[in-house]
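Notes follow the structure.
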Amino acid sequence: MIISKNDENSVQITANVLKNNGIAILPTDTVYGFSASVNLSTDKKIRKIKGREENKPFIQLIAEPKDIFDYTDDFIPPEILAKWPGALTIIVHNKESCDNSKTTAFRCPKDSWLRTIIKSCGFPIFSTSVNKSGSSILETPQSIIETFGNCVDLIVDDGEKKGALPSTLIKLENGKVQVIRQGEVVI
């Protein structure tokens, strides 16, 4: 199914697909991304579509900046948290990790439409760029439809995203901020 982001039912349709373990291609405040509910089944589906290696985790999108503290006890400097909502991805240690070695990358996107979908779902959603692993990110709805139209349950069209920068990716380690990938947000 292909719908416009501007369709009056786009939030409801998208949230329903995600709640039912479907795979969607959604516009974000940066580039188009494969999205799904966060679970092992959808993780495997997206990896198969992208041809992505097993050990490279996906970003999880959250609806509100404060939501990150449901998943981590890490201290996040206020000046970093103040950049959310926005194109900043923060890698933190997971709460449930006894040895504090497991991490997850979270982002609270600037796009209010996308945050409304996440709120409607009631859980974080995966996000990873729309491309085959090792290839360029697809920037136009037409190229996305031609390449992945038969592989996903939903594509939401929000026009071209040519030249969009990915999110800045940082890791918090022992109270220090390490820039892994410089993107749209300057750290």
Side-chain angles (χ1 to χ4, degrees), residues 1-2 5 14-15 17-63 68 71-72 86-94 96-97 101-111 114-115 117-118 121 123-158 160-173 178-185:
M1 175 183 348
I2 301 166
K5 179 180 173 182
T14 304
V17 167
L18 297 173
K19 287 177 187 179
N20 288 300
N21 286 328
I23 308 298
I25 294 178
L26 306 179
T28 72
D29 47 341
T30 56
V31 298
Y32 279 94
F34 287 106
S35 288
S37 60
V38 176
N39 64 56
L40 187 57
S41 170
T42 59
D43 181 283
K44 287 181 179 180
K45 287 179 189 176
I46 295 172
R47 286 181 192 288
K48 184 175 180 183
I49 294 167
K50 279 187 69 107
R52 186 164 175 172
E53 58 194 63
E54 294 289 327
N55 62 349
K56 193 173 179 188
F58 298 128
I59 293 171
Q60 295 185 26
L61 300 181
I62 54 177
I68 195 167
Y71 307 99
T72 188
L88 174 66
T89 301
I90 304 173
I91 300 172
V92 293
H93 296 94
N94 298 347
E96 71 274 1
S97 177
S101 66
K102 295 192 180 201
T103 59
T104 300
F106 290 97
R107 184 156 77 91
C108 181
K110 188 182 234 177
D111 186 287
L114 186 53
R115 288 196 330 272
I117 289 167
I118 299 164
C121 288
F123 48 74
I125 62 173
F126 282 137
S127 186
T128 181
S129 59
V130 176
N131 62 323
K132 290 284 188 183
S133 283
S135 298
S136 298
I137 296 170
L138 300 180
E139 301 175 319
T140 67
Q142 189 59 40
S143 64
I144 290 168
I145 292 164
E146 288 171 4
T147 307
F148 296 110
N150 294 328
C151 304
V152 297
D153 301 293
L154 175 67
I155 297 174
V156 178
D157 184 344
D158 188 33
E160 294 185 359
K161 300 266 186 189
K162 288 194 175 188
L165 291 175
S167 65
T168 297
L169 179 63
I170 65 169
K171 184 174 185 178
L172 298 177
E173 195 67 57
Q178 176 186 3
V179 177
I180 308 288
R181 176 184 69 205
Q182 185 60 59
E184 186 176 311
V185 173

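When every heavy atom of G183 is checked against every heavy atom of T168, the shortest pair comes out as N-OG1, 2.9 Å. Between T28 and S127, the closest heavy-atom pair is CG2-OG, 4.2 Å. Of all the heavy atoms in C121 and L18, the pair that sits closest is SG-CB, 3.8 Å. Nearest heavy-atom pair, I62 versus P109, reported as atom, atom and distance to 0.1 Å: O-CD, 3.4 Å. Of all heavy-atom pairs spanning S37 and N39, the tightest one is OG-ND2, 3.0 Å.
Here the side chains of D43 and F58 are in contact, with some heavy-atom distance below 4.5 Å. A heavy-atom distance below 4.5 Å is not found between the side chains of V152 and L154. A heavy-atom distance below 4.5 Å is not found between the side chains of N131 and F148. Contact annotation: the side chain of V31 never approaches that of V130 to less than 4.5 Å [non-hydrogen atoms, C-beta and beyond]. With a 4.5 Å cut-off on side-chain heavy atoms, T72 and I90 do not count as touching. I137 is not listed as a side-chain neighbour of Y32, based on a closest heavy-atom distance of 4.5 Å or more.
Electrostatic pairing of R107 and D29 counts as a salt bridge here, judged by a charged N lying under 4.0 Å from a carboxylate O. The pair D111-K5 counts as a salt bridge, with a side-chain nitrogen and a carboxylate oxygen less than 4.0 angstrom apart.
Q60 meets the side chain to side chain contact (heavy atoms under 4.5 Å, CB included) test with V38, T104, F106, P124, F126; sequence neighbours excluded.
Within a 6.0 Å sphere centred on NZ of K19, other residues, nucleotides and ligands contribute more than 12 heavy atoms. Enclosure of atom NZ in K50 by more than 12 non-hydrogen atoms of other residues, nucleotides or ligands within 6.0 angstrom is indicated.
Atom-to-atom distance recorded for T103:OG1 and L172:CG is 10.5 Å, nearest 0.5 angstrom. Taking CD1 of I46 as the reference point, atom OG of S35 lies at 7.0 Å (rounded to 0.5 Å). Atom CG of residue D157 and atom CG of residue L26 lie 12.0 Å apart, to the nearest 0.5 angstrom. To the nearest 0.5 Å, atom CD1 of residue I145 and atom CD1 of residue I2 are 3.5 Å apart.
A donor-acceptor pair shorter than 3.5 Å cannot be found between the side chains of N21 and T42. Using modelled atom types, one finds no donor on one side chain facing an acceptor on the other under 3.5 Å when comparing S167 with T30.
Figure legend: cation-pi geometry between R47 and F34 absent, as NZ or CZ is not positioned both under 6.0 Å from the six-membered ring centre and within 45° of its axis.
Among pairs with a residue in residues 127-136, none fulfils salt bridge (Lys or Arg N to Asp or Glu O under 4.0 Å), at least two apart in sequence or across chains.
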